[in-house]
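Below is one structure; the comments refer to it alone.
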Amino acid sequence: MNGSDVILGRIKSDCDQRVNAIEREAEQKRESVLAEAEKQAQKLERDIAGKTSRELKRLEDSAKSRSELERRNALLKRRRAEIDKTIDSLSEYLTNQNDGDYFESIYKLCAQLKGKSGEIMLNSRDLARLPGDFEQQVKSRGLDAAVSKTPVNIGSGFILKSGDIEENMEFAAIISARRDELEDLINRELFAQ
C-alpha cells in the first residue's frame, strides 16, 4: 500500500466517521423532532377534545334550555286555554241561568249600585221575562231606578243610565273588568301545586 492509499484510506475513514456522526446527529434530531411533533399532536388533541367537550356541553345545555322553555310555553298555553275556557263557561253560566237565579244575580249587581238612581236598560230577552216585582226588588236593594222599555244590545246584565252617565253592569263587561282577579283565582283553584 502506497502513501497515497494510506492518505486516501484515512480520508475515507474520516469521511465515514463524519458521515456516521452526521447520520447519528440527523437521527437524533429526527427523533427529537418526531417526539416534539408527537407532544404537539397530543397537546392539540387534548385542546380539540377539550373544546369539543365544552362545545358539546354548551350544545346540551342550550338544547335542555330550549326544551325547558318549550315545555313551559306549552304549559302556559294550556293554562291560558283552560283559563279562557273557564271564563267563557262562567259568562255562559251567568247568561243562561234559570230566570229566578238570573234575576237574583241582577239584584246583587243592583245592590252594588246602592244609593244611585237612573234608568235600568235591559236586552229584549230580559224585558220579555222580567218578573212583575222587578222594580220593587231593585229598590229594596237600594237602587232607585225604573226599567226602560227600550231594549239595548247587550248579552246579559244591565246598563244603569243616569243622565249622560252609563254604568255597564253587563256580565261580560264585569268579567272583563275583573279578568286578572278571576285568572288568579282560577290559577289557584285549577293549578295549585
Side-chain angles (χ1 to χ4, degrees), residues 54-193:
R54 286 188 300 274
E55 181 64 14
L56 182 60
K57 174 79 171 120
R58 187 190 67 75
L59 290 173
E60 286 174 350
D61 290 346
S62 178
K64 183 178 178 182
S65 178
R66 267 193 320 272
S67 172
E68 181 62 25
L69 179 63
E70 288 174 11
R71 185 188 73 76
R72 276 186 304 199
N73 284 343
L75 177 63
L76 288 173
K77 186 176 180 180
R78 193 191 96 217
R79 279 186 175 187
R80 170 65 46 208
E82 288 300 318
I83 287 169
D84 290 344
K85 183 178 162 185
T86 302
I87 288 176
D88 290 344
S89 294
L90 174 62
S91 182
E92 187 177 318
Y93 167 79
L94 289 171
T95 300
N96 296 318
Q97 297 177 81
N98 66 48
D99 289 354
D101 291 339
Y102 179 84
F103 283 103
E104 191 56 43
S105 296
I106 298 281
Y107 300 144
K108 287 179 184 175
L109 292 176
C110 289
Q112 292 179 11
L113 300 174
K114 187 176 184 175
K116 294 187 178 188
S117 63
E119 187 176 36
I120 292 181
M121 301 182 331
L122 300 163
N123 63 28
S124 57
R125 177 179 171 231
D126 292 347
L127 283 172
R129 63 182 179 156
L130 200 63
D133 65 343
F134 182 77
E135 286 185 1
Q136 190 177 25
Q137 289 289 338
V138 168
K139 286 184 182 173
S140 72
R141 299 318 196 272
L143 177 60
D144 183 22
V147 175
S148 170
K149 301 302 179 205
T150 306
V152 290
N153 187 19
I154 60 173
S156 58
F158 66 94
I159 294 175
L160 177 66
K161 185 172 183 172
S162 294
D164 291 339
I165 299 172
E166 291 184 359
E167 295 206 41
N168 191 348
M169 301 304 281
E170 182 181 6
F171 292 154
I174 293 168
I175 289 170
S176 178
R178 299 184 80 182
R179 184 170 178 100
D180 289 343
E181 190 178 326
L182 288 169
E183 285 182 12
D184 289 344
L185 175 66
I186 293 167
N187 263 321
R188 282 193 309 270
E189 295 298 319
L190 291 181
F191 305 111
Q193 304 269 346

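Not measured: the values here are computed from a predicted model.
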Practice item. Kindly write out the residues that satisfy salt bridge (charged side-chain N to carboxylate O under 4.0 Å, His left out) with Arg54, not counting sequence neighbours, or none if the list is empty. Key: none

Study note, to complete from the structure: Those residues at least two apart in sequence (or on a different chain) that pass side chain to side chain contact (heavy atoms under 4.5 Å, CB included) with Thr86 are Ile186, Leu190

**Study point:** Sidechain-backbone polar pair: Asp133 side chain, Gln136 backbone, donor-acceptor under 3.5 Å
**Key:** no

Check your understanding: Taking only residues two or more places apart in sequence or in another chain, which ones pass side chain to side chain contact (heavy atoms under 4.5 Å, CB included) with Arg66?
Key -> Ser62, Ala63

Practice item. Compare every heavy atom of Gly118 with every heavy atom of Ser162, then report the nearest pair and how far apart it is. Key: OG-CA, 3.8 Å

Practice item. Considering non-hydrogen atoms only, spot the tightest contact between Ala145 and Lys139 and give its length. Key: O-CE, 4.3 Å

Point to revise | Approximate separation, where rounding is to 0.5 Å, of Ser148 OG and Leu160 CG | key: 11.5 Å

**Study point:** Residue pair Arg80 / Glu183, side-chain heavy-atom distance below 4.5 Å
**Key:** yes

Revision key, fill the gap. Contacts of Lys77 meeting side chain to side chain donor-acceptor pair (under 3.5 Å) (sequence neighbours excluded), chain-then-number -> none

Point to revise | salt bridge (charged side-chain N to carboxylate O under 4.0 Å, His left out) partners of Asp61, counting only residues at least two apart | key: Lys57

Practice item. To the nearest 0.5 angstrom, please state how far the OG atom of Ser89 sits from the CD atom of Glu82. Key: 9.5 Å

Practice item. Taking only Lys NZ, Arg NE, NH1 and NH2, and the carboxylate oxygens of Asp or Glu, determine whether Glu68 and Lys64 approach each other closer than 4.0 Å. Key: no

Check your understanding: Hey, is CD on Glu104 packed in by over 12 heavy atoms from elsewhere, all under 6.0 Å?
Key -> yes

Check your understanding: Can you name the salt bridge (charged side-chain N to carboxylate O under 4.0 Å, His left out) partners of Asp99, sequence neighbours left out?
Key -> Arg129

**Study point:** Which atom of Glu170 lies closest to which atom of Ser156, heavy atoms considered
**Key:** CG-O, 3.0 Å

Exercise for review: Would you name the heavy atoms of Leu122 and Asp126 that are closest together and state the gap between them?
Suggested key: CB-CB, 4.0 Å

Study note, to complete from the structure: Shortest non-hydrogen pair, Arg179 vs Ile83, comes out as NH2-CG2, 4.5 Å

Quick one: side chains of residues 108-117, donor-acceptor pairs under 3.5 Å with protein atoms, not counting sequence neighbours, listed by atom name and distance.
unit_1	atom_1	unit_2	atom_2	d
Lys116	NZ	Glu167	OE1	3.3
Lys116	NZ	Glu167	OE2	2.4

**Study point:** For Glu55, all residues meeting side chain to side chain contact (heavy atoms under 4.5 Å, CB included), sequence neighbours excluded
**Key:** Arg58, Leu59

Practice item. Under the side-chain contact (heavy atoms from CB on, under 4.5 Å) rule, what do Ile174 and Leu94 come out as? Steps first, then yes or no, please. Key: CA-CA 11 Å; Ile174 293 168; Leu94 289 171; over 6 Å; no

**Study point:** Atom pair CD/CD of Glu166 and Glu119 - distance to nearest 0.5 Å
**Key:** 10.0 Å

Check your understanding: Partners of Tyr107 by ring-ring contact (aromatic ring centres under 6.0 Å, His included), sequence neighbours excluded?
Key -> Phe134

**Study point:** Donor-acceptor pair, side chain of Ser91 and main chain of Ile87, under 3.5 angstrom
**Key:** no

Practice item. Applying side chain to side chain donor-acceptor pair (under 3.5 Å), name anything that partners Asp180, two or more places apart in sequence or on another chain. Key: none

**Study point:** Set of residues satisfying ring-ring contact (aromatic ring centres under 6.0 Å, His included) with respect to Phe158, sequence neighbours excluded
**Key:** none

Revision key, fill the gap. Here the ring-ring contact (aromatic ring centres under 6.0 Å, His included) pairs for residues 161-181, sequence neighbours left out, are Tyr102-Phe171

Point to revise | side-chain contact (heavy atoms from CB on, under 4.5 Å) between Thr95 and Arg125, intermediate numbers included | key: CA-CA 11 Å; Thr95 300; Arg125 177 179 171 231; 4.1 Å; yes

Review point. Checking side-chain contact (heavy atoms from CB on, under 4.5 Å) for the pair Val147/Glu135: CA distance, chi angles, key distance, verdict?
Key: CA-CA 7 Å; Val147 175; Glu135 286 185 1; 3.6 Å; yes

Check your understanding: Counting only heavy atoms not in Leu69, do more than 12 sit closer than 6.0 Å to its CG atom?
Key -> yes

Review point. What's the spacing between Ile154 CD1 and Met169 CE if we round to 0.5 Å?
Key: 11.0 Å

